Each structure stands twice: as C-alpha cells, then as structure tokens.
2 protein chains.
Amino acid sequence: MVDTSESQIEMDKHPSCFTIEQVASRTGLTRRTLRYYEEVGLLPAAERTEGNYRRYSEEDIQRLEHIKAYKNLLGFSLHDIRVLLATDQEREVIKEAYRQETDIETKIAQLAQTDVLIEQQLQLVDQKIAGLLEMKASLQERLARHAETRKRLQDS
Amino acid sequence: MVDTSESQIEMDKHPSCFTIEQVASRTGLTRRTLRYYEEVGLLPAAERTEGNYRRYSEEDIQRLEHIKAYKNLLGFSLHDIRVLLATDQEREVIKEAYRQETDIETKIAQLAQTDVLIEQQLQLVDQKIAGLLEMKASLQERLARHAETRKRLQDS
DNA sequence: AACATCTTTAACGTTAACGTCAAAGTTAAG
DNA sequence: CTTAACTTTGACGTTAACGTTAAAGATGTT
C-alpha cells in the first residue's frame, strides 16, 4: 500500500472493477472491515480476478455508504443493518422461491411474512425519529429562551 | 430479588433514597449496569448508607433516562455520552458564571458561547433525523412494491 | 438467633466489530 | 526473473458494554 488510488493494473475506467484498497480509501473503511462485512453477509461476496483478488463494483460502494450511514448516524448493529438491507439478496431468494412456488396463496403469504419484518423496522425508525424530534424541540426551546434573554439585556 | 419495588427498609416516601433494585426496575437497566455506569464516571458516585449500600436520588434517575435516550435513540457510545453530559454540566457552570457577571456585554457573549454548543448538538440531531427519514422512505417504498405484487397476484 | 433477601466488591466470561500479525500466493515494474 | 507492493486466508488480540458467578457482609422478618 503506497499509492492510495491507482497503483495497480487497469488503466481502463471500467465502472465495476475496484481493488480492495481503492474501495477502502473511497469509503473510509479498512480492508479488514470490507472482508469482515463480506464474511458476515453484509456485502455480497465480491467477484474475484484469476489471481483470486477481490474486485468491487459501484453498487458495492453504494451499499457500503448506506451501511456507514446506518451504522454511524443511526447506531444500528451490523446484524440489524443486514436485516434492513435485505434488499438484493432477500429479493433474489424470495423471487427464487416465488418461481418455484406455484400456489398463489403461498406466494402472498410469503410476501406478508417479509412485510412483517419491514413494518417492525419501520416502527423502530419511527420511534427513533420521535425521540429525536423531542430532543430537537428541547434544544430549540433553549435557544429561544436565550434569544429572549438577549433581547431583554439589550433593552436596558 | 423477589419483590420488584418496596421490599426493603423505609416506609417513608423520602424523595431521594432509592435502592439499586428500585432504580434498576424503574429505568429498565440492570444493577450491574448501574454499578458500571458509576465505575466509568457516567453517574456520580452514589451516596451510601451506614451498611455501605448505594442510595440513589431522583436526579440520578433523571440522568439515567437521559443516558438511555442518548444511547438507544442516538446510538452514542458511553464515552460520547459522558462528553455530552459534561457539556451539559459545563453549561451549568457557564450559567453560574453568568449570574455572577454584571457586565451586559459579557453576559451576551456568554450566552452566545453556550449557543454554539447547543447548535452543534442540534446539527447532529438533524443529521440523524435526515438519515432516519431516508431510511423510512426506502422501507415504505419496499412495502409499496410488495403491495403492487400482491395485487398482480390476486388478479389472476 | 436463624433465615431468606438484599447488597457489596472482585474477578472472570461474553459478544460485536473489528485490529494485527503471519505465512503464502499475485502482480506490475524494472 | 527478481523484487516491492498488493493480496489472500487463517488465527489470535482488543475494546466496549455489559453478564455471571463467587465470597462475604447487611437487613428485615420470624
């Protein structure tokens, strides 16, 4: 690791071929963290070169940004984030089960099942928003009181 | 631990004398957690009885509720919370200095100083709210797509 | 006084989310 | 072809935030 960005291989700006180091420096995460996220299933297993080196795509980077936001801004655990970001993988799996399932009733039941999960997360998110709005209101109230005081002080 | 609330000692409803078990059940934290918070300096060392038992006050409970909010709603680490609560106390200190100050110009300057702290916290809260709203929208989008699919399945 | 409950401190265990190090293979560059 | 830089997979180490157990003392009840 000596050059932070473009040291290796390809001169081509092909959109879906970043080395682990490039992804690391662009996301602000470490290489270890990227491998760890793959290990625990947060990131779909990256493609490999013939030499077995990982190659990441733009979508991977997008996903990593999402993960960062969920983790740092919202304080979710990686486990919770995996549930929240169940988009790609879950959608694939469910769609597979869909194709193999001929009974429409069963399909609808499967949909409802994932909906329950999503609604649980929605509730949690709403709770957090409510708490944050409360906190925000109380902080603004303080600022307002200070403004009042300031005005009184200046009228003297 | 057999009775959750009033098993021990005092019949008197004195406002600032709760056992560790009472505080635990009222805050939803564990006794271990209360001792731990004291250990790491999040909570001021509780008063003791002659028998060396901890006794908590109303203010302690208030502070614990604050800590819980910071931790669960905002996902702050205990270390960050200690800093945040310190700035709260710092504000108190500044307020004290404020009362002793007679010069109006100085008073206004001091007000502005605490406002900076408050606005920093407000910014953080706003960031978190924005992130949560984004997440909420994406979850609702998924639900909508599922509803679409459900409709298509039923029309067949 | 005996007893069941509560409390104390001390110390070791646990889980998540990585950090760090080692041994070995890969790649671009000289 | 050699070499420096990059990568791989283990595997063990670390920190935060507690959980759990143990040994001993305290308290109110019988």
Side-chain angles (χ1 to χ4, degrees), chain A residues 1-12 17-43 45-56 60 64 67-72 74-85, chain B residues 1-12 17-43 45-56 64 67-68 70-72 74-85:
Chain A
M1 177 181 23
V2 118
D3 178 6
T4 318
S5 57
E6 215 68 25
S7 66
Q8 209 157 313
I9 316 185
E10 63 243 293
M11 221 55 243
D12 72 317
C17 249
F18 301 103
T19 73
I20 195 170
E21 172 58 27
Q22 286 169 347
V23 175
S25 78
R26 278 168 210 218
T27 61
L29 301 170
T30 70
R31 291 163 311 201
R32 172 64 168 113
T33 299
L34 296 178
R35 297 195 195 98
Y36 180 68
Y37 283 2
E38 180 177 325
E39 186 186 332
V40 298
L42 253 178
L43 221 56
E47 289 178 27
R48 302 301 183 103
T49 68
E50 342 82 60
N52 201 32
Y53 280 23
R54 268 168 260 255
R55 282 302 138 103
Y56 294 90
D60 289 330
L64 284 167
I67 292 173
K68 267 179 59 185
Y70 286 150
K71 190 169 125 59
N72 299 330
L74 310 179
F76 281 122
S77 71
L78 296 188
H79 174 270
D80 287 349
I81 295 175
R82 201 177 50 188
V83 175
L84 281 170
L85 289 186
Chain B
M1 180 186 15
V2 119
D3 178 5
T4 317
S5 57
E6 215 69 26
S7 66
Q8 208 156 314
I9 315 183
E10 62 243 296
M11 220 54 244
D12 72 316
C17 248
F18 301 103
T19 72
I20 194 170
E21 171 58 27
Q22 286 168 347
V23 175
S25 77
R26 278 170 209 213
T27 60
L29 302 169
T30 70
R31 292 162 309 200
R32 171 63 168 115
T33 299
L34 295 178
R35 297 195 195 99
Y36 180 67
Y37 284 1
E38 179 177 327
E39 187 185 331
V40 299
L42 255 176
L43 220 56
E47 289 177 25
R48 303 299 184 104
T49 67
E50 342 82 62
N52 201 32
Y53 281 22
R54 267 168 261 255
R55 284 301 139 104
Y56 294 91
L64 284 168
I67 293 173
K68 267 179 59 185
Y70 281 136
K71 190 169 126 59
N72 299 331
L74 310 178
F76 282 123
S77 69
L78 295 188
H79 175 270
D80 288 349
I81 295 174
R82 204 177 47 188
V83 174
L84 280 173
L85 290 184

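Not measured: the values here are computed from a predicted model. Below, chains carry the letters A, B, ... as their sequence lines are ordered, and counting in each starts from 1.
Rounded to whole angstrom, the span from the CD1 atom of A/I20 across to the C1' atom of C/dG25 amounts to 15 Å. Atom C1' of nucleotide C/dT7 and atom CD of B/E47 are separated by 17 Å, given to the nearest angstrom. Rounded to whole angstrom, the span from the CG atom of B/N52 across to the P atom of D/dG25 amounts to 13 Å. Taking atom CD of residue A/E21 and atom P of nucleotide C/dT26, one finds them 20 Å apart after rounding to whole Å.
Close to C/dT26, at under 4.0 Å from its OP1 or OP2, lies no side-chain N or O of A/R55. For C/dT7, neither phosphate oxygen OP1 nor OP2 lies less than 4.0 angstrom from any side-chain nitrogen or oxygen of B/R54. Close to D/dG19, at under 4.0 Å from its OP1 or OP2, lies no side-chain N or O of B/Y36. In terms of phosphate contacts, A/T30 brings no side-chain nitrogen or oxygen within less than 4.0 Å of OP1 or OP2 of C/dC18.
The base of C/dT20 is paired with the side chain of A/R32 by a donor and an acceptor separated by under 3.5 Å.
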Going through the checks in order, is the side-chain contact (heavy atoms from CB on, under 4.5 Å) test met by A/L34 and A/L64?
CA-CA 9 Å; A/L34 296 178; A/L64 284 167; 3.6 Å; yes
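Across D/dT9, C/dA17, D/dT7, the shortest atom-to-atom separation from the side chain of A/R48 is found for D/dT9. The listed nucleotides are D/dT9, D/dT27, D/dA17; the one nearest the side chain of B/L78 is D/dA17.
The minimum heavy-atom distance linking A/Y36 with A/L78 is given by the pair CE2-CD1, 3.6 Å.
With pairs defined as Watson-Crick or G-U wobble and both atom distances under 3.5 Å, the stems of at least three pairs that touch DNA chain D come out as C:1-30 with D:1-30.
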